[in-house]
Amino acid sequence: MHRIKELPTRIGEEVVLLGWLMNVRSSGKIAFLQIRDGSGVVQAVASRAELSESAWQDVQSLTQESTIRVTGTVSQDPRSPSGVEIHLKDLAVEHLTEDFPITKKEHGTGFLMEHRHLWLRSSRQSAALRVRSEVSQAIRDFHYERDFVLIDSPILTPAACEGTSTLFETDYFGEQAYLSQSGQLYLEPAAAAFGKVYCFGPTFRAEKSKTRRHLMEFWMVEPEVAFLDFEGLCDLAEEFVSYLVARVLDRCSEDLKVLERDTSKLEMATSPFPRITYTQAIEKLQDLGTVIEWGEDFGGDDETVLAEQFDRPVLVTHYPTAIKAFYMEPDPENPDLALALDVLAPEGYGEIIGGSQRIHDLALLERRLEEHELPLEAFQWYLDVRRFGTFPHSGFGMGIERFVAWVCGLKHLRETIPYPRMLNKIYP
RNA sequence: UCCUCGGUAGCUCAGCGGUAGAGCGGUCGGCUGUUAACCGACGGGUCGGGGGUUCGAAUCCCUCCCGGGGAGCCA
């Protein structure tokens, strides 16, 4: 058995393919089959004169998405969509499909999402998911090459880490438990054990968000590094994003072509990235006519307007402490500001990274927990990191669906994950 | 939760007070180089549910249900 991907190297040879029929065009005594096997698409030419009567009858009976086994000779031909085609010698129908729901014409997104398990077969969907697979591998390689240790953080977590309103609740032998919305609190102790650590896994948010930029279940990668200061964190985020983009450009050019992605915009995403402070960002937005005051967080439109000012991802730093998480280290030059970092992707894809230097002083962290009205008891194990050999450290989180959406030029996050979990929708 | 748009054939939609329509898909037939092939024929409907107005409702009104897009929140 051969794979379609390798056919250009087998011109003149006889091959056997197993795959699915995407489409067939018949013209009387000759028919053109578009065959897909997961590695690519190829055209097979069936000529009545060159086939047995039973094989020709099988060709006549073929339906969309039937499973077939074809035998034939590979040749180059400019009339074939892929430049290569197979001249059929034999064909066997392994399974005759009836009434495949996704037809050649257009469908609405609601219908396609209902049939997500079948929609995966389309060339655009599989291209996007192949990019996602490459990004996942690149994330692991990036950390592995830099001596990070993978720490799998738990998915089932106990009470209340950052407020329960956005957590999925579940029963844990009579106790309340929640699905994880971040691995960070578990990474910080591990950073004291291994120095450089990261986690990469699914994350759950029960927010009733209904936009193209939100999923209830998404995958997040979170590095956490001991003795890394804020400047170093910004450098790491920049190196990480440019590494991933370069990797996709290098290895997924065919998929980006299928997705009709303008890669010139991705090629710009090289170091250094512009860096501006929150305060500068507010001033810039005000200059551009946005009604926003210092101290407010950015909305989705603000992020888009801001990112449009730059030709590559932009780092926004030093946010007001008041609008950021309890664990973020204050700026030593101005305690009203946090050593916090967001990376905004270009072209309106919004925030792809959020991170900070962490508070390492025990007394300050306890005070912050109280100010945020969080239960001190639940955080004792987390505070132990500050009790026993505390150390400055920093980390960030990147949602890979947003990254993949940007790289692929997809408007909606639902196409960047095989089976999206969306508001009130958990099928298929 | 709020704002907004929508629900008519398997799919995508038109029709917006007077006999339910088209394209695609399906079935049958034709065609030896098709490119979401093309040509001819055929089948296909509780017009989201309920209530109301009217001689008459897919069409107007009320109400409920379901879906798309967006806001807030965030990655």
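A quick note: this is a predicted structure, and the numbers were derived from the prediction, not measured.
Among the atoms of the strands shown, none is found under 4.0 Å from any heavy atom of Arg48(A). Residue-level contact check: Gly299(A) touches the backbone only, with heavy atoms under 4.0 Å from sugar-phosphate atoms and none from bases. Using a 4.0 Å heavy-atom cutoff across all strands shown, Thr203(A) reaches no nucleic acid atom at all. Nucleic acid contact class of His412(A) (heavy atoms, under 4.0 Å, all strands): sugar-phosphate only. Within the 4.0 angstrom heavy-atom criterion, only backbone atoms of the sugar-phosphate kind lie near Gly108(A); the bases stay farther away. Counting non-hydrogen atoms under 4.0 angstrom, Ala49(A) reaches a base of the nucleic acid. Within 4.0 Å of Lys411(A), counting heavy atoms only, lies no atom of the nucleic acid at all.
Of the residues in residues 72-82 of chain A, those with a non-hydrogen atom less than 4.0 angstrom from any atom of RNA chain B are Asp77(A), Arg79(A), Ser80(A), Pro81(A).
The side chain of Lys210(A) sits closest to rG69(B) out of rG69(B), rG72(B), rU34(B). For His214(A), whose side chain is taken as the heavy atoms from C-beta onward, the closest listed nucleotide among rG67(B), rC73(B), rA71(B) is rC73(B). Here the nucleotide nearest the side chain of Ser209(A), chosen from rU34(B), rC73(B), rA75(B), is rC73(B). If you check rG72(B), rG68(B), rU34(B) against the side chain of Thr109(A), the one that comes closest is rG68(B). Among rA75(B), rC31(B), rG72(B), the nucleotide with an atom closest to any side-chain atom of Ser26(A) is rC31(B). Ranking rU34(B), rG72(B), rC74(B) by closeness to the Phe32(A) side chain, first place goes to rU34(B). Considering only side-chain atoms of Phe111(A), the nucleotide from rU12(B), rG33(B), rU34(B) that sits closest is rU12(B).
Looking at Gln43(A) and Arg79(A), their side chains never bring a donor and an acceptor atom within 3.5 Å of each other.
Taking atom C1' on both nucleotides, rC16(B) is separated from rC11(B) by 23 Å, rounded to a whole Å. The separation of rG56(B) from rU19(B), taken at their P atoms, amounts to 15 Å, rounded to a whole angstrom.
At rG10(B), none of the side-chain N or O atoms of His107(A) fall inside 4.0 Å of OP1 or OP2 (strictly under the cut-off). In this model, the phosphate group of rG69(B) is approached by a side-chain N or O of Arg414(A) to a distance below 4.0 Å at OP1 or OP2. In this model, the phosphate group of rU34(B) is not approached by any side-chain N or O of Lys29(A) to a distance below 4.0 Å at OP1 or OP2.
Applying the Watson-Crick and G-U wobble criteria (two distances, each under 3.5 Å), rC31(B) pairs with nothing in any strand.
Taking only distance into account, the side chain of Arg402(A) meets the base of rC74(B) through a donor-acceptor pair shorter than 3.5 Å.
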